[in-house]
2 protein chains.
Amino acid sequence: MTDSLEHRPSALQPMVRKLEYWSKLDEMDRAAILALPHAVKSFDPHAYIVREGDVTTTSCIMLSGYSIRHKLIGDGSRQIVAIHMKGDLVDLQNSLLGMADHSVQMLTPGRVAMIPRDEMVRVAFERPNVGKAMWTDTLVDASMFREWIANVGRRDSTTRVAHLLREFSLRLKVAGLGEETDYELPMSQEQLADATGITSVHMNRTLKGLEVKGLIERRNPQSIHIGDWKMLASAGDFNPAYLHLKEREVA
Amino acid sequence: MTDSLEHRPSALQPMVRKLEYWSKLDEMDRAAILALPHAVKSFDPHAYIVREGDVTTTSCIMLSGYSIRHKLIGDGSRQIVAIHMKGDLVDLQNSLLGMADHSVQMLTPGRVAMIPRDEMVRVAFERPNVGKAMWTDTLVDASMFREWIANVGRRDSTTRVAHLLREFSLRLKVAGLGEETDYELPMSQEQLADATGITSVHMNRTLKGLEVKGLIERRNPQSIHIGDWKMLASAGDFNPAYLHLKEREVA
DNA sequence: CGGGAGGTTGACAATCGTCAATCAGAGTGG
DNA sequence: CCACTCTGATTGACGATTGTCAACCTCCCG
């Protein structure tokens with residue numbers, strides 16, 4: 001993990017893009033975001049950005065790479081509750097509350113911009129457009145958590161996995177990170193299992209089942225090819241309303 | 001369902017109490033909250049406050065009674081994702097996003113204050129203390145959703161139910177609605193099942209199991225007596241950190 | 001007194017977990 | 001280049017938790 005101060009304002013461009021998605025911003029709003037003091041850190045795979053129990057004073061934005069949020073369970077297992085990619089405001093969740101109730105861990109190598117919490121709050125209230133966008137972002141996160149509850153609570157393993165794969169493909173497309181029919185899934189089968197609340201052995205069988213049904217193809221364990229994303233969405237009981245995307249991106 | 005304009009400012013007192021819990025408020029903050037335009041509606045049990053798919057323009061605060069949030073699943077089942085009680089800001093979640101991605105339904109008779117969304121947003125940015133409190137409230141909701149994911153994703157049925165019962169008892173105490181060792185649970189076994197991701201038949205057996213182990217007693221299906229809440233918390237893998245309560249209330 | 005919602009129970013089935021072995025691929029040091 | 005090792009993927013046999021189906025019960029209320 002390296003640590004470096006970042007002076008090019010463009011480092012926070014993914015944050016502007018993200019917030020602009022939720023709320024109309026003017027030039028001064030954009031300038032205020034880009035002017036936020038921040039440090040860019042590079043993380044290795046498996047490195048923790050925040051650990052459950054940490055006292056948190058910085059928020060962070062993913063600049064590249066992928067990360068997950070997860071909680072530890074009493075019996076030693078874990079539950080992944082979110083997957084994050086470029087542009088995601090990863091830690092408003094923990095930082096505004098003062099103490100991390102869950103961990104954020106890198107899946108791949110990646111760069112993260114760390115911003116002091118107080119500066120985030122200051123900008124949020126000095127520039128209401130920015131504040132509304134941040135608030136909306138946290139609300140959409142909450143909506144995604146609700147869908148995640150429904151996924152692990154009431155769907156069978158095949159449906160759960162299809163749902164996760166389809167959500168990931170759509171989010172990649174919206175973030176401008178790839179096509180929705182072909183992508184590299186940066187997770188091991190054990191991590192997928194921790195995300196869907198099943199065991200890694202059962203995840204292996206479930207993926208095979210999806211492949212046998214012709215819903216996905218895999219050249220290697222990480223690469224996912226979706227032949228017909230409408231069929232996969234249907235198999236995954238996937239309705240993108242909970243992502244609160246703009247119309248044109250859903251279809 | 002009756003509809004009446006409410007002029008006594010005291011109707012929003014539960015909202016002041018709730019927001020004051022999250023952020024220090026001064027006299028003007030409190031006055032601004034109490035001055036919010038609102039209508040008080042009375043709802044019957046099972047009545048919907050908001051339905052999945054509704055276009056939402058009002059936020060609401062529970063003044064009395066209990067409600068749940070739930071999502072419908074493709075196979076016709078449903079998943080309850082939250083339980084709400086007096087003082088809870090139920091629908092910032094839906095209203096700020098414009099379209100409801102889930103439903104909110106009454107469990108018991110109850111009164112709800114409906115506040116125009118735009119007024120909520122206005123106060124949030126005119127009075128940053130209030131805005132921070134609202135933001136914090138939505139973040140705590142998100143934290144509770146994460147714990148709920150972990151509950152349905154990685155715990156067995158007995159642990160899930162014990163966790164839910166213990167969380168409910170602690171929240172009741174914090175809300176000033178009762179003791180943590182004796183309370184009326186306003187949910188049928190089918191609703192409890194929909195909250196924990198199991199079937200109602202299995203819920204029945206799980207509750208009996210908790211009773212046989214001496215962790216709870218039930219005089220009738222709704223009344224829960226917790227003999228030793230520390231034991232129940234332990235059986236439910238319950239660590240209240242995710243509720244972000246103040247120290248003195250956790251012990 | 002009749003109807004209905006919710007609770008309770010038993011028998012059986014299905015999904016999913018556990019355990020354990022094997023395999024495949026990447027990286028390392030000799 | 002070749003063992004060696006480690007992580008993750010794959011598979012089979014078996015067991016446990018949970019779901020399904022169906023019956024019956026209990027209480028409340030009109």
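Each chain gets a letter, A, B and so on, in the order its sequence line appears, and its residues count up from 1.
The aromatic rings of B:Tyr183 and B:Phe168 are tilted relative to each other, their planes meeting at an angle between 30° and 60°.
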- [ ] Show your working on side chain to side chain contact (heavy atoms under 4.5 Å, CB included) between B:Ile83 and B:Trp148 and close with a plain yes or no.
- [x] CA-CA 11 Å; B:Ile83 307 170; B:Trp148 206 291; 4.0 Å; yes

- [ ] May I have the step-by-step check of side chain to side chain donor-acceptor pair (under 3.5 Å) for A:Asp101 and B:Ser143, ending in yes or no?
- [x] CA-CA 7 Å; A:Asp101 55 65; B:Ser143 176; 3.1 Å; yes

Open item on the list: side chain to side chain contact (heavy atoms under 4.5 Å, CB included) for A:Glu180 and A:Ile226? Distances and angles first, verdict last.
Closed with: CA-CA 8 Å; A:Glu180 63 191 338; A:Ile226 300 175; over 6 Å; no

Task: Annotated protein contacts, base or backbone, on nucleotides 11-30 of chain D with a non-hydrogen cut-off under 4.0 Å, one of B, S, - each - done: BBB----SSBB---------

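Protein chain B touches strand DNA chain C; the 5'-most and 3'-most nucleotides with an atom under 4.0 angstrom of its non-hydrogen atoms are C:dG7 to C:dA11.
As rounded to whole Å, 17 Å separates atom P of D:dC6 from atom CD of A:Glu190. Between A:Gln189 atom CD and D:dA9 atom P there is a gap of 4 Å when expressed in whole angstrom units.
Residues passing the side-chain contact (heavy atoms from CB on, under 4.5 Å) test with B:Met231 are B:Leu215, B:Asp228, sequence neighbours excluded. Every side-chain contact (heavy atoms from CB on, under 4.5 Å) that A:Thr158 has, sequence neighbours left out, goes to A:Asp156, A:Thr206, A:Leu210, A:Lys213.
When only modelled atom types and interatomic distance are considered, B:Ser169 and B:Arg166 share a side-chain donor-acceptor pair under 3.5 Å. No donor-acceptor contact under 3.5 angstrom links the side chains of A:Glu184 and A:Tyr66, judged on distance only.
Of the charged side-chain nitrogens involved, at least one lies within less than 4.0 Å of a carboxylate oxygen, so that B:Asp141 and B:Arg69 count as a salt-bridged pair.
Among residues at least two apart or in separate chains, side chain to side chain donor-acceptor pair (under 3.5 Å) pairs with a member in residues 72-82 of chain B are B:Asp75-B:Ser77, B:Arg78-B:Asp194.
Comparing the local axis fitted to the first five base pairs of the helix from C:dC1-D:dG30 to C:dG30-D:dC1 with the one fitted to its last five gives a bend of 30°, rounded to 10°.
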